[in-house]
Visitor: 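Before I ask anything, let me first share the structure, which is written out below as structure tokens.
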Amino acid sequence: MIYENNRAFAQALDQVDPLRSFRERFYIPQRDGRPLTYLCGNSLGLQPKAARAALERELTTWQNLGVEGWFEPGNHEPEAELAEQTWLSYHTTCKSALAHVAGAEPVEVCPMNALTVNIHLLLASFYRPDARKNKILTIKGDFPSDQYALETHVRHHGLNPTDVLIEIGPRPEERTGLIHTTDIQHAIAAHADELAVIWMSGLNYYTGQVYNMAAIAETARQQCIPIGFDLAHALGNVPLRLHDWGVDFATWCSYKYLNGGPGAVSGVFVHEKHHLANLPRLAGWWGYREDKRFEMTPGFLPAPGADGWQLSTPNIPALALHRASLSITAEAGMGALRTKSELLTGYLDYVLAPFDQIVVLTPSDPNQRGCQLSLLVREQGKALFTYLTEQGIIGDWREPDCIRLAPTPLYNTFEDVWRVGDALSRFFARTA
Ligand SMILES: *Cc1c(COP(=O)(O)O)cnc(C)c1O
């Protein structure tokens, strides 16, 4: 694509964008009656217009049926496919869309709990330290919640995090903040005798780098070390093939690129190869075999597949929001979303290029990034961020010096991206 930095060009790209109608399905936040340029879907995705009706449907079912809502469909579903839906099997209606975005079989995925909760639950199954193998390989400077989860999970086993955690970081001499796939692979091979598990994010929240999950998972498989990914920034953003890559387990949140709402329900992936192993786990009755759950007998019998990691009665209003937003992503399709995303983020890269004051941390290779670009701005980072916000351009600020901007293909436009370049010109002309 040969880009041009002018509004008419951006508008022309919007005209021919096959996904352009999806923007209409979201509320774009406004200020003074004008839509904001919202480039923050990496932090909290926007509200689908369908969300309110989805929530109200379940409120109506509760109103009309009370407890019977678990066993009887609400019977007021406008969508025929959902007409038979009971709360008891509600989670199953998210499965085909989740399987699509995760590159998984439906039996391998299940919406449940919250992300950090799921990290602990999955580590309870996949981190089984013994005298010989007790180490965990991870990414240095990964998302804080992941760091705290690992640190405390290790202590829970009576081990010392400084003895157990092996953190792979950027090469000090490069100062890019990026991490080489080969460095991760070499570390896995070098520590294979003592590694009990690998846990890392698939897409770095700070730099925006997408790791080569397929290659890393393959190395882990060769060394027989279970590997799990935190896909908070990856799901709904970059194409994933968790099943084919042989990833052992994964979890994510759905309030970022999946637009499920603040604190929206998380989900897990557990590869089919583990389904018959009856892995140890921290269990609850919702993970019990569905056909026998209400027999209330002692002795835990896990439901098949990822469902067997559920613990508690699901939050139906949260699942309703999740399902409504997830179905929009699945309808657009990850293939089409990714095609637009590469063009859109490529355009952002292009409009940023003339500004010497800005260093883009995120790799320029499309295979190593999703929507988000992370910008370092010499000295003036905070001032620029404040200026962009005043101009109605919403990104986010990550201490100490990083602006993250994430044009998302579901609801952002090429004109949104053009506006960033336009605002930058004004900012730097003013401060020159
Ligand atoms: C957003 C994010 C989280 C947040 O975890 P919650 O349990 O949902 O609060 C965790 N890890 C990563 C990598 C994230 O990007």
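Just follow the structure's listing: the first ligand is 1, and inside any ligand the first atom is 1. These figures come from a predicted structure and were not determined experimentally.
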Visitor: Can you find an N/O atom of Asp146 closer than 3.5 Å to an N/O atom of ligand 1?
Guide: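 Between Asp146 and ligand 1 (N or O atoms, distance only) the closest approach is under 3.5 Å.
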Visitor: Note the single closest protein heavy atom to atom 2 (C) of ligand 1, along with its residue, its atom name and the distance in Å.
Guide: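 Going by distance alone, atom 2 (C) of ligand 1 is nearest to Lys256 NZ, 2.5 Å.
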Visitor: Apply salt bridge (Lys or Arg N to Asp or Glu O under 4.0 Å) to the pair Lys273 and Asp248, showing each step before the final yes or no.
Guide: CA-CA 8 Å; Lys273 63 190 169 191; Asp248 293 281; 3.6 Å; yes
Visitor: For the pair Lys95 and Glu108, find out whether any cationic side-chain nitrogen is under 4.0 Å from an anionic carboxylate oxygen.
Guide: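 No, this pair does not count.
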Visitor: Between His243 and His271, how do the two ring planes meet: parallel, tilted or perpendicular, split at 30° and 60°?
Guide: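 Parallel: the ring planes of His243 and His271 meet at under 30°.
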Visitor: For the pair Asp14 and Arg20, evaluate salt bridge (Lys or Arg N to Asp or Glu O under 4.0 Å) and give the outcome as yes or no after the intermediate values.
Guide: CA-CA 7 Å; Asp14 287 327; Arg20 67 186 176 282; over 6 Å; no
Visitor: Angle class for the Tyr347/Phe414 ring planes (parallel below 30°, perpendicular above 60°, tilted otherwise)?
Guide: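 Tilted.
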Visitor: Output yes when the distance from some N or O of ligand 1 to some N or O of Ser145 is under 3.5 Å, and no in every other case.
Guide: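 Checking ligand 1 against Ser145, no N or O pair falls under 3.5 Å apart.
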Visitor: Please assess Asp17 against Lys340 for the test salt bridge (Lys or Arg N to Asp or Glu O under 4.0 Å), listing each intermediate value before the final yes or no.
Guide: CA-CA 8 Å; Asp17 167 17; Lys340 175 173 171 187; 2.7 Å; yes
Visitor: Only heavy atoms of Tyr255, strictly under 4.0 Å: list the atoms of ligand 1 that pass.
Guide: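 Counting atoms of ligand 1 from 1, those under 4.0 Å from Tyr255 are 1 (C), 4 (C), 5 (O), 6 (P), 8 (O), 9 (O).
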Visitor: Applying ring-ring contact (aromatic ring centres under 6.0 Å, His included), can you list everything that pairs with Tyr211, at least two apart in sequence or on another chain?
Guide: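 For Tyr211, no residue satisfies ring-ring contact (aromatic ring centres under 6.0 Å, His included) once neighbours in sequence are set aside.
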Visitor: Among all the protein's non-hydrogen atoms, which is closest to atom 7 (O) of ligand 1, and how far away is it?
Guide: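 The closest heavy atom on the protein side is Thr116 OG1, 2.5 Å.
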Visitor: What do we get for Val117 next to ligand 1 when only non-hydrogen atoms under 4.0 Å count, side chain, backbone, both or neither?
Guide: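 Within the 4.0 Å criterion, Val117 makes no contact with ligand 1.
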Visitor: For the 3.5 Å polar cut-off, considering only N or O atoms, please tell me whether His233 and ligand 1 meet it.
Guide: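 Yes; at least one N/O pair falls below 3.5 Å.
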Visitor: Give me the residue, atom name and distance of the protein heavy atom closest to atom 3 (C) of ligand 1.
Guide: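 Minimum-distance protein heavy atom for atom 3 (C) of ligand 1 reads Phe143 CE2, 3.4 Å.
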Visitor: Distance under 4.0 Å to a non-hydrogen atom of Ala232: what atoms of ligand 1 satisfy this?
Guide: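 Those of ligand 1 that fall under 4.0 Å from Ala232 are 2 (C), 12 (C), 13 (C), 14 (C), 15 (O).
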